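Working notes, beginning with the structure itself.
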Amino acid sequence: MHKDNNNSLKQILVDNQISAKKRFGQNFLHDKNIIRQIVRASKPENKNIIEVGPGPGLLTKILLESGTKSIFAIEKDESFLPILNNLKKESLTKFDFLIADILKVDLDSLIEGNYSVVSNLPYNISVPFIISLVEQEQPVKWESLTLTVQKEVADRMLADINSKQYGRLSVLIQWRSFIEKICDIKPTCFIPEPKVMSTVIRIRPKNYIKKPSIESFQKVVSAAFGFRRKTLKRSLGQLGIDGESLAIKAGINPKLRAQNLTVDNFCDLAKIYENLKIL
Ligand code: SAM
């Protein structure tokens, strides 16, 4: 089973004379059981799907057979053009694509109505890509993001308060969305094998996001975690204000450190900071 899967991806790569390029973060998934698990987790039925980086198209093919309404793929490497053109010609499900850098594309403009994103993301763009969607003002047009990312990045997004991984990324993601872990993926499921473990995560937006503004939240969180070994009294002082009184006004002990604060604590701090009108 494992060998067959491997062969079918290998065959696509050989037939199209493709070898993985490091600069595009190309580690192709060959394990169809894992690919099916990703597709199931994305709940694709009757949805408009945007796939980032279809590459050789194994995940795309299984998505196209899963009852989706449509798929729009964005791929930066134009050597996949023949494969994508073939998929467009042969697919019974509505399929279109764009050769472009996902970080320069406005996803909302590609699709009328709501959409879900599915991607085995290249490691080097996963964090900026996720942040750009999570930071959008409500109501957002994306319904869910089902993504394969480096395990270390997933662990930071999922991290609990008081843990070593709990940081800026954890509080931003957990403030604005619901995040769940689907499964880990071993390096042997990819060609070529990456040096690290991967994790599939699913993110859904929160309909109601607690104030404050994203700018003040980010400023407070960056100051607090920028000096994570220091107490809030010291770290919040980096904002050019009296860190101790900011913490006290928010009802938080100024002797605590960033990793001891809940997402709600950060919201309270940022709201008070915002009201000081020094942004
Ligand atoms: N979907 C395939 C799979 O699961 O095997 C390929 C995944 S591979 C990890 C990442 C894919 O994203 C590659 O096809 C790569 O060329 C593409 N890619 C890299 N950077 C990109 C960018 N900035 N915008 C769009 N696609 C990108």
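Numbers for residues simply follow the sequence, beginning at 1. All heavy atoms count here, side chains included; hydrogens, waters and symmetry mates do not. Every number for a ligand or one of its atoms is a count from 1 in the order of the listing. Since the model is a prediction, treat every value here as computed from it, not as a measurement.
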Counting from 1, what ligand 1 atoms have a heavy atom of [X] closer than 4.0 Å?
X	answer
F28	5 (O), 6 (C)
N27	8 (S), 9 (C)
G25	8 (S), 9 (C), 10 (C)
P54	1 (N), 2 (C)
A100	24 (N), 25 (C)
G55	14 (O)
Q26	13 (C), 15 (C), 16 (O)

Next on the checklist: To the nearest 0.5 Å, what is the distance between CG on N162 and CG on L261?
Outcome noted: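 Atom-to-atom, N162:CG and L261:CG are 9.0 Å apart.
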Checklist entry - Measuring from E135:CD to I214:CD1, what's the distance to the nearest 0.5 Å? => result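 Here the interatomic distance stands at 4.5 Å.
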Next on the checklist: With ring pair (Phe, Tyr, Trp, His ring centres under 6.0 Å) as the rule and sequence neighbours excluded, what pairs involving residues 107-130 come up?
Outcome noted: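 Checked against ring pair (Phe, Tyr, Trp, His ring centres under 6.0 Å) - neighbours excluded - no pair reaches residues 107-130.
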Checklist entry - Among V200, V39, I49, I201, which one satisfies side-chain contact (heavy atoms from CB on, under 4.5 Å) with T146? => result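 Considering V200, V39, I49, I201, a side-chain contact (heavy atoms from CB on, under 4.5 Å) with T146 is found only for V200.
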Flag the pair [X] / [Y] as yes when at least one side-chain heavy-atom distance between them is below 4.5 Å, and no otherwise.
X	Y	result
K219	E215	no
F227	Q238	yes
V149	I130	yes

Next on the checklist: Below 3.5 Å, N or O to N or O, backbone or side chain included: is there any such pair between D77 and ligand 1?
Outcome noted: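 N/O-N/O distance below 3.5 Å does not exist for this pair.
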So is [X] close enough to ligand 1, meaning a heavy atom under 4.0 angstrom away?
X	answer
I74	yes
L58	no
G57	no

Next on the checklist: Which label fits W175 and F217: parallel for a plane angle under 30°, tilted from 30 to 60°, or perpendicular past 60°?
Outcome noted: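 The arrangement is parallel - the two ring planes meet at less than 30°.
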Item to check | Residue from N48, N46, D96 passing side chain to side chain donor-acceptor pair (under 3.5 Å) with S70 | outcome: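 The passing option is N48.
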Students should be able to answer this: which protein heavy-atom is nearest to [atom], and at what distance?
atom	value
atom 19 (C) of ligand 1	F24 O, 3.1 Å
atom 20 (N) of ligand 1	P122 CG, 3.6 Å
atom 12 (O) of ligand 1	G53 CA, 3.2 Å
atom 24 (N) of ligand 1	I102 N, 2.9 Å
atom 4 (O) of ligand 1	N120 ND2, 2.9 Å
atom 5 (O) of ligand 1	L29 N, 2.9 Å
atom 23 (N) of ligand 1	D101 OD1, 2.8 Å

Checklist entry - Around atom CD of Q138, are there more than 12 heavy atoms of other residues, nucleotides or ligands at under 6.0 Å? => result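 Counting other residues, nucleotides and ligands, CD of Q138 exceeds 12 neighbours.
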Checklist entry - Any chance the side chains of T262 and D264 put a donor and an acceptor closer than 3.5 Å? => result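 There is no such pair between these side chains.
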Item to check | E152 bridged to R156 by N-O distance under 4.0 Å | outcome: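 Salt bridge: yes.
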Checklist entry - Can you tell which of E51, E75, K76, K21 gets a heavy atom nearest to atom 17 (C) of ligand 1? => result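 Checking each option, the heavy atom nearest atom 17 (C) of ligand 1 is found in E75.
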Next on the checklist: One residue to check: S119. Relative to ligand 1, which of side chain, backbone, both or neither has a non-hydrogen atom less than 4.0 Å away?
Outcome noted: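 Answer for S119: neither.
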